[in-house]
Amino acid sequence: MPPTLYPRTTLKKIIKAHSKRPLSRNVDVLIFLNYALFMQELINEAVIKSKQGGERGVSGKSVKRVSGGVLRKYKG
Amino acid sequence: MSVSARKKQRLSPERELQRTPNNVTPITPFRRAVSAGPTPGSRRTPIVRTPGTVRTPRGGPATRPLPSRRVAPTTPHAIRALRERANAARTPGNNRRRSGRIQRETPRDILRDLSRALARDSRPIEPSPQVLPQRTRHSALDLPDVEDGPHLAAPRLSMPLENMYDDEDSFHSAPPRQSLLPDLPDDVDGETIQSLEFGRRAISEDPRFMFGGRQSERFGDLSELGAVEEEYEIDGTFINRRADGLLDQAIEEALDEDDTTTQIRALAGPRDGRSSDVNLGVFGEGEDDTEDPTFRFLIPERIRAPAREDAGEEEQEAEDDQGSGLQDPPNDMDLATNDQEEEVTAALTQGNPTEDDGMLGWESDAPVDDDAELAAYREEESAMDRSLHTNSPERSFTGQQRGVRKAKEYLVSEHGIGYPSFPAAPVKKLALNFMKSQGSKAQLNKDALAALVNTTNDFFEQIGIDLAAYAQHAGRKMIEESDVIALMKRTRKTTDNSTSFSLAQKMLPRELLQQLRMEPPIKLKGQKRKRLNPIQEEDDDDD
């Protein structure tokens with residue numbers, strides 16, 4: 001495992017840019033947790049989709065198809 | 001007694017003054033020449049010592065001729081300064097300091113004093129005009145005067161035009177040529193060609209004629225002269241003529257370079273590999289029935305590609321008209337060049353299969369010689385093609401695409417704040433981990449990863465906006481952990497039996513988990529407890 005799993009400053013920058021609000025200190029960890037859950041679900045769905053489509057491996061197309069639904073699931 | 005004693009005391013120093021030879025200070029001049037030797041006083045300086053000083057100098061005043069004897073210096077600067085002064089006193093020509101009390105005299109000082117003394121009486125010399133000393137000043141100049149002799153002929157500043165080209169010994173073997181092509185055939189459209197000028201050299205220096213020339217440049221001439229039966233010698237990229245019989249002819253032709261040779265050379269131009277020759281549109285020149293002057297200039301490749309075929313054929317016809325019957329080598333040479341150009345244009349214009357087919361058919365129609373030379377030549381051409389292909393626009397296009405993708409990475413949110421894209425590496429790592437844990441093959445191709453990164457960016461945009469809304473609803477400016485927890489709860493990520501902690505324990509590495517646990521102070525923990533407890537209570541109630 002690398003010392004940092006994800007670039008914290010980048011994530012903070014992204015969230016700040018979208019929310020135009022300051023972040024408290026360790027929100028980004030929770031956000032990343034949320035993102036990891038999202039990613040897991042996305043990968044699961046994409047794998048299922050690609051298997052349904054008879055593809056080998058996961059293609060970008062299946063990811064794109066699935067991504068809308070998964071994003072909606074994570075919409076607060 | 002007392003009075004006499006006082007008198008004695010008063011008188012005694014004066015007597016001593018008169019007696020002692022040391023105190024001749026009024027006698028010693030203020031400035032003394034170095035050559036005058038040391039003054040008696042300077043050698044034996046009177047020891048000025050305060051009575052309170054305990055330390056005595058190590059040696060007597062005679063042993064060390066230091067000018068000043070004080071308390072031994074303690075600071076390094078003082079020590080050094082004293083040492084330097086002593087050294088300077090020891091050095092022979094000790095005119096170290098001019099500003100000192102005793103200024104040593106140099107010959108220059110003496111002269112200056114003299115001049116000061118004489119300045120009242122002397123007057124500046126006004127030189128009277130004298131011619132004689134100037135003449136006799138320098139013996140080398142006392143030569144028989146040049147002006148005495150008869151006047152020389154004035155040099156001519158211009159060259160005699162009549163003799164200029166007749167002179168056989170002169171290196172001007174040929175007159176300068178006009179840059180314009182002087183006379184063109186009538187059927188050639190001369191409007192644009194008049195400004196054409198090919199690269200030139202002095203004929204005497206032209207290496208092409210020194211070494212018999214590069215054969216590839218002169219195939220047109222050879223075909224015209226019927227010199228096709230000659231044997232060629234392939235030497236690397238050059239094809240040399242073995243028999244040298246045509247050399248004189250070639251030189252003659254080069255000397256009176258008429259239009260046809262230039263044209264034909266220009267036709268053979270692309271074999272040089274210089275693209276500028278190709279772009280000069282030389283195909284227009286060789287054609288007998290050209291009425292399209294746009295051929296002569298830079299044409300975009302896509303436009304030129306279809307017309308090039310005709311040009312090639314026309315050129316072939318033209319050569320057929322010009323040359324003798326058997327022209328296989330030059331024709332094939334032209335063919336080869338055409339091939340090359342076709343390939344280039346085909347590479348430039350993608351997705352024109354019909355045109356390619358046409359080209360292929362044309363090529364198959366042409367007579368194919370299986371000469372070794374030709375094969376070698378064709379290989380050479382293909383090598384040239386390879387070098388040309390490296391510059392083909394496809395690659396630059398892909399490079400541009402890459403550049404676009406790079407530039408795309410910096411995005412702008414709806415608030416007008418720029419932000420970087422989430423890097424692909426952690427996305428990939430995370431995705432591969434999940435895929436592995438899911439049991440499928442851990443493989444991600446490029447566009448899948450790109451899609452994942454895109455989705456990631458979308459997700460962060462969405463969650464950012466959501467969290468901002470949550471924080472605003474709570475009346476806060478800052479986004480806090482409680483907002484995220486509320487969001488997770490609302491999206492059913494934290495349920496009754498899975499808290500954010502348990503999820504974090506599952507998903508996150510230990511460092512992040514520790515930070516999550518350590519960082520939030522008691523307050524937040526309390527919040528979480530509160531949040532969790534009511535749920536459990538509700539559950540209990542439900543149960």
Side-chain angles (χ1 to χ4, degrees), chain A residues 1-44 46-48 50-51 55-68 70-76, chain B residues 413-415 417-420 422-423 426-427 430-431 434-435 438 440-441 443-445 447-452 454-471 477-481 483-485 487-488 490-491 493 500 503-504 507-509 511-512 515-516 519-520:
Chain A
M1 269 283 176
T4 55
L5 187 61
Y6 66 97
R8 291 187 74 163
T9 51
T10 311
L11 197 146
K12 277 182 188 170
K13 262 184 223 162
I14 293 170
I15 300 291
K16 266 186 199 171
H18 285 304
S19 62
K20 211 180 176 184
R21 268 158 205 280
L23 299 181
S24 83
R25 236 173 131 192
N26 274 349
V27 184
D28 60 312
V29 180
L30 275 176
I31 290 173
F32 182 72
L33 172 65
N34 210 347
Y35 168 65
L37 291 170
F38 166 77
M39 205 63 189
Q40 190 179 30
E41 195 161 341
L42 182 68
I43 291 290
N44 285 345
V47 167
I48 290 167
S50 60
K51 273 182 184 162
E55 297 165 5
R56 295 173 59 83
V58 179
S59 69
K61 211 164 71 176
S62 58
V63 171
K64 271 175 206 160
R65 263 187 212 156
V66 168
S67 65
V70 182
L71 271 175
R72 206 168 300 131
K73 272 194 191 174
Y74 278 75
K75 174 89 181 148
Chain B
S413 73
E414 62 174 349
H415 296 292
I417 306 167
Y419 65 98
F422 199 76
V427 174
L430 205 61
F434 287 138
M435 286 168 83
Q438 213 196 11
S440 65
K441 271 185 299 180
Q443 275 183 349
L444 266 181
N445 51 6
D447 57 348
L449 183 59
L452 283 178
N454 271 340
T455 317
T456 300
N457 286 329
D458 290 346
F459 170 78
F460 281 132
E461 182 177 355
Q462 174 184 302
I463 200 173
I465 292 166
D466 287 350
L467 288 176
Y470 278 45
K477 196 87 176 100
M478 183 176 276
I479 294 173
E480 287 180 359
E481 279 86 342
D483 296 323
V484 188
I485 288 167
L487 178 67
M488 286 170 84
R490 182 172 149 74
T491 53
K493 295 303 162 283
S500 65
L503 280 175
M507 311 286 295
L508 295 182
E511 310 96 46
L512 290 177
Q515 259 176 349
L516 194 63
E519 232 352 273

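The sequence lines fix the lettering, A, B, ..., with proteins before strands; numbering per chain opens at 1.
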Among [options], which has the most heavy-atom pairs under 4.5 Å with chain B?
| options | value |
| --- | --- |
| Gly57(A), Ser67(A), Ala46(A) | Ser67(A) |
| Leu37(A), Val63(A), Leu33(A) | Leu33(A) |
| Glu41(A), Lys64(A), Gln40(A), Lys73(A) | Gln40(A) |

How far apart are the closest heavy atoms of [X] and [Y], and which atoms are they?
| X | Y | answer |
| --- | --- | --- |
| Ala451(B) | Gly60(A) | CB-O, 3.7 Å |
| Arg21(A) | Ala468(B) | NE-O, 3.6 Å |
| Asn445(B) | Ser59(A) | OD1-CA, 4.2 Å |
| Ala36(A) | Leu430(B) | CA-CD2, 4.2 Å |
| Pro423(B) | Pro7(A) | CG-CG, 3.4 Å |

Exercise. Is there side-chain contact between Lys61(A) and Asp447(B), with at least one heavy-atom pair below 4.5 Å?
Worked result: no

Can you tell me how far the [atom1] atom of [X] sits from the [atom2] atom of [Y], to the nearest 0.5 Å?
| X | Y | atom1 | atom2 | value |
| --- | --- | --- | --- | --- |
| His415(B) | His18(A) | NE2 | NE2 | 9.0 Å |
| Lys13(A) | Tyr419(B) | NZ | OH | 13.5 Å |
| Phe460(B) | Asn34(A) | CZ | CG | 9.0 Å |
| Glu481(B) | Asp28(A) | CD | CG | 9.0 Å |
| Ser19(A) | Met478(B) | OG | CE | 11.0 Å |
| Leu508(B) | Tyr6(A) | CG | OH | 7.5 Å |

Problem set entry | Test log, rule side chain to side chain contact (heavy atoms under 4.5 Å, CB included), inputs Phe422(B) and Leu11(A) | CA-CA 7 Å; Phe422(B) 199 76; Leu11(A) 197 146; 4.0 Å; yes

Report the option among [options] that has the most heavy-atom pairs separated by less than 4.5 Å from atoms of chain A.
| options | value |
| --- | --- |
| Leu503(B), Asn457(B), Leu452(B), Val427(B) | Leu452(B) |
| Thr455(B), Thr491(B), Ile417(B), Ile479(B) | Ile479(B) |
| Lys493(B), Gln443(B), Met435(B), Met488(B) | Lys493(B) |

For this session: Measure the acute angle between the ring planes of Tyr35(A) and Phe459(B), then classify it against the limits of 30° and 60° as parallel, tilted or perpendicular.
Result: tilted

Exercise. Within the distance-only criterion (no hydrogens, no angle test), does the side chain of Gln462(B) pair as donor or acceptor with the backbone N or O of Tyr74(A) below 3.5 angstrom?
Worked result: yes

For [X], is it the side chain, the backbone, both, or neither that has a heavy atom closer than 4.5 Å to a heavy atom of chain A?
| X | answer |
| --- | --- |
| Ala450(B) | neither |
| Asp466(B) | side chain |
| Glu461(B) | both |

Problem set entry | Neighbour count >12 (heavy atoms, 6.0 Å) for atom NZ, Lys20(A) | no

For this session: Let me know if Ile14(A) has heavy atoms under 4.5 Å from chain B in its side chain, its backbone, both or neither.
Result: both

